[in-house]
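For reference, the structure discussed in these notes is given below.
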Protein chains: 2
Amino acid sequence: MADTPRRITLNDIAHACGVSRATVSLVLRSSPLVHADTRERVEAEMRRQGYVYNRAAANLRQRVSTAVALVVNDLANPFFAEFAAGVDEALGAKGYVTLLGSSGESAQRQRQVLGSLMEHNPAGVILSPAEGSAFADLETVIGRHTPLLVFNREVAGSASKGFLYDFIGLDNRAGARAATELLLAQGHRRIAFYGGHADSSSCRQRRAGYREAMAAAGLEVPDAWMIETAPTRLEGNARAGLLFADGATPTAAVCYNDAVALGLMLGLVREGRQPGVDFAVTGFDDIPEAAVGVPPLTTISTDPRERGRQAAAMVVERAAHPGMARRNSVVPALLTQRASTYGKAKARR
Amino acid sequence: MADTPRRITLNDIAHACGVSRATVSLVLRSSPLVHADTRERVEAEMRRQGYVYNRAAANLRQRVSTAVALVVNDLANPFFAEFAAGVDEALGAKGYVTLLGSSGESAQRQRQVLGSLMEHNPAGVILSPAEGSAFADLETVIGRHTPLLVFNREVAGSASKGFLYDFIGLDNRAGARAATELLLAQGHRRIAFYGGHADSSSCRQRRAGYREAMAAAGLEVPDAWMIETAPTRLEGNARAGLLFADGATPTAAVCYNDAVALGLMLGLVREGRQPGVDFAVTGFDDIPEAAVGVPPLTTISTDPRERGRQAAAMVVERAAHPGMARRNSVVPALLTQRASTYGKAKARR
DNA sequence: CTGAAAGCGCTTACAG
DNA sequence: CTGAAAGCGCTTACAG
């Protein structure tokens with residue numbers, strides 16, 4: 001403890017056993033070439049000395065990598081936390097290790113983080129892009145030799161010819177359309193779209209799905225029903241009053257995501273409405289809290305943990321087969337109906 | 001794209017510039033030894049060829065590491081997600097990269113994950129131990145050359161002589177005592193301790209703090225007031241009825257954590273009580289949801305993100321100074337008073 | 001079945 | 001100010 005003792009290496013083991021380090025290397029990789037007795041002796045010596053394999057050195061020699069970089073906007077957001085958990089789980093099962101980074105929604109920070117991770121020579125990159133990140137940046141920092149998987153949001157600009165990346169996204173438009181159609185089927189007519197930053201690609205797509213459903217039902221959407229908020233519970237709560245500022249007050253809201261919806265439900269109580277009884281709310285994501293809200297929240301399930309597993313599988317496969325055709329996976333988002341929506345027949349006011 | 005082009009190396013740059021690779025290396029490390037013109041030429045060539053530094057190779061040569069392993073129970077738990085975000089943020093700022101792993105509360109999985117991460121030769125390990133993990137395991141897999149920082153929970157058994165590790169924990173006992181004392185000061189006398197697994201170290205400590213405060217006030221605690229649940233919102237909700245099964249029903253509950261407390265508040269409504277009006281509730285952790293609950297939850301703030309930053313700083317410092325004395329940091333847990341607790345004078349029944 | 005030698009991409013004394 | 005050489009801990013043909 002006084003001074004750091006040198007780490008045990010292959011050489012130490014080989015020396016102690018009186019064999020060459022090539023032999024020890026073969027034992028490590030369980031080659032059938034080495035005699036059972038020799039193997040036994042070498043393995044015993046490794047245990048005795050507490051040898052630990054230096055995979056970085058092996059990877060350098062073999063020109064391979066067993067790490068994958070994962071960059072998300074914000075780990076503290078349950079959606080990304082679930083996604084990261086899924087990525088890590090699936091990568092671990094395949095013998096890869098996860099290099100974590102987070103951008104905090106800043107394109108500049110994302111560049112730095114990616115740059116730092118790239119120096120560790122990952123076999124691939126899984127990126128949930130910060131708002132405002134553009135291909136021009138990504139290409140220079142990631143280069144053309146490392147497979148990139150983009151998750152959840154589209155990247156601004158267009159990739160230059162020859163820069164290929166895979167994509168996993170949610171069917172935001174279809175999800176929001178399904179939520180809106182449920183409310184329409186339940187008899188609601190004055191339906192708002194509540195929350196999200198209008199300039200994010202996911203919010204644009206969800207709004208488009210909502211508008212589609214409204215248009216198909218022949219309904220107009222006053223501007224006052226399109227309410228922008230930060231995509232957080234706090235903001236969803238704070239701006240609830242905006243729904244009732246005007247004359248034509250809605251009886252239902254399709255929310256940008258669950259965080260906003262859960263915040264809104266609290267805000268509704270403050271405004272004298274009872275969610276699930278005289279005001280209907282839908283969310284998006286199906287985070288764990290959605291099922292235990294008061295009332296439980298009707299939402300669109302996107303299963304972020306499963307998306308994480310899928311992303312990990314895709315990037316590992318791509319690393320093994322660089323020539324494979326580009327994949328663009330838009331995952332259907334499923335409606336999960338709970339008590340926060342109700343038929344207007346039940347309405348008490 | 002058809003076949004993977006070789007990665008650009010120092011050699012390529014040196015060759016193209018007609019200098020030795022030692023010179024290029026010096027440029028990389030911004031040594032003042034190299035002539036400004038040469039530096040310029042080399043840097044231009046790097047940009048031109050899209051060179052990316054191979055830090056793994058450099059680390060191997062220098063016998064250093066710029067990675068830290070982080071193993072948590074469950075990333076999807078907001079408490080650990082915040083912690084991980086703090087760790088990653090602070091490590092990134094110091095030029096380290098985070099190697100992520102999760103144990104899913106299984107000691108066996110934890111062993112595997114740690115083993116795999118150790119092969120990447122981290123400069124240190126930050127571990128929030130799975131329940132049931134013991135020193136015997138940790139020592140063999142982590143070895144004595146890599147600094148270990150244990151967070152949040154104590155590890156079973158005792159470390160063998162010479163195996164040193166740092167510790168950051170929360171002052172569970174003082175936190176629970178403070179919560180109980182607040183309720184006492186507000187005039188409550190029949191106070192239950194609600195939730196948690198009695199055999200986890202954090203629950204034991206919190207219960208001890210609660211008992212201390214009750215004893216100091218000369219109050220008895222019937223067994224029926226010590227209620228065990230899984231530490232989740234769902235269970236906190238489901239078992240609310242147990243508080244009112246007996247004759248001497250409490251008017252307040254100190255809860256094991258926020259998840260349980262938020263669940264309990266919903267359950268109270270079902271039982272015909274109004275949290276913050278005729279029943280007082282306290283939590284532990286101050287997760288983001290606590291502040292926006294109905295009513296907002298009085299709780300003990302532990303600031304997991306700041307704990308993460310602190311853990312990162314400590315492990316990096318330890319890696320630089322192996323001889324430093326062992327650190328055992330028990331973080332004061334601060335009472336944050338909100339509307340879920342109230343003076344009995346205000347009570348309506 | 002085992003050993004000697006070269007090399008992965010970098011850095012570091014040591015000469016010049 | 002720059003170059004030649006050795007070495008980090010491993011693997012991989014190639015001989016024997």
Side-chain angles (χ1 to χ4, degrees), chain A residues 4-43 45-46 49-67 118-123 143 145-146, chain B residues 4-43 45-46 49-67 118-123 143 145-146:
Chain A
T4 333
R6 209 172 42 73
R7 239 178 104 141
I8 308 300
T9 78
L10 266 194
N11 256 327
D12 299 314
I13 305 297
H15 220 117
C17 294
V19 300
S20 83
R21 57 189 208 280
T23 305
V24 179
S25 177
L26 291 174
V27 169
L28 274 176
R29 329 189 55 237
S30 7
S31 155
L33 291 178
V34 40
H35 194 286
D37 295 353
T38 316
R39 164 184 311 287
E40 196 100 334
R41 249 172 53 228
V42 169
E43 283 175 343
E45 189 61 23
M46 285 177 169
Q49 298 206 29
Y51 171 74
V52 6
Y53 187 59
N54 186 334
R55 192 174 295 278
N59 285 349
L60 175 61
R61 175 59 232 260
Q62 292 178 111
R63 317 172 112 252
V64 299
S65 166
T66 54
M118 287 308 295
E119 294 187 347
H120 288 83
N121 187 31
H145 304 349
T146 309
Chain B
T4 333
R6 209 171 42 74
R7 239 177 103 139
I8 309 299
T9 79
L10 267 195
N11 255 328
D12 299 315
I13 305 298
H15 220 119
C17 295
V19 301
S20 81
R21 55 190 209 281
T23 304
V24 180
S25 178
L26 291 175
V27 169
L28 274 176
R29 327 188 56 237
S30 7
S31 155
L33 291 179
V34 41
H35 194 286
D37 293 354
T38 317
R39 164 185 312 286
E40 195 100 333
R41 250 171 54 227
V42 169
E43 283 174 344
E45 188 61 23
M46 286 178 169
Q49 297 206 29
Y51 170 73
V52 6
Y53 187 60
N54 186 335
R55 192 173 294 278
N59 285 349
L60 175 60
R61 175 59 230 261
Q62 293 179 109
R63 315 170 113 256
V64 299
S65 167
T66 54
M118 287 309 294
E119 293 187 348
H120 287 82
N121 188 31
H145 304 348
T146 310

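Letters A, B, ... are given to chains in the order of the sequence lines, protein chains preceding strands, and every chain is numbered from 1. Every heavy atom of this structure was used, including side-chain atoms; hydrogens, water molecules and symmetry mates were not.
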query = So does A:Ser25 get a side-chain nitrogen or oxygen closer than 4.0 Å to the phosphate oxygens (OP1/OP2) of D:dT12?
reply = no
ask   = So, is A:Arg63 near the phosphate of C:dG9, with a side-chain N or O under 4.0 Å from OP1 or OP2?
value = yes
message = OP1 or OP2 of D:dC10 versus the side-chain N and O atoms of A:Gln62: is any pair under 4.0 Å?
response = no
query = Does A:Thr23 put a side-chain nitrogen or oxygen below 4.0 Å from OP1 or OP2 of C:dC1?
reply = no
remark   = Contacts of B:Arg61 and B:Gly18 projected onto DNA chain D by closest heavy atom; the upstream (5') one is B:Gly18
note = DNA chain D nearest-nucleotide lookup for B:Ala22 and A:Asn54: closer to the 5′ end is B:Ala22
message = With a 4.0 Å limit, can you tell me whether B:Thr9 has a side-chain N or O closer than that to the phosphate oxygens OP1/OP2 of C:dG9?
response = no
request  = With the side chain of B:Ala57 defined as its heavy atoms from C-beta on, choose the nearest nucleotide among C:dC10, C:dA6, C:dC8.
outcome  = C:dC10
key: Who pairs with D:dG16 - Watson-Crick or G-U, where each distance is under 3.5 Å   = C:dC1
query = Any side-chain N or O of A:Arg29 under 4.0 Å from OP1/OP2 of D:dT12?
reply = yes
inquiry  = Assess, by modelled atom type and distance only, whether the side chains of B:Thr66 and B:Asn59 contain a donor and an acceptor separated by less than 3.5 Å.
reply    = yes
message = Looking only at side-chain N and O atoms, does B:Asn121 offer a donor or acceptor that is under 3.5 Å from a partner on A:Arg7?
response = yes
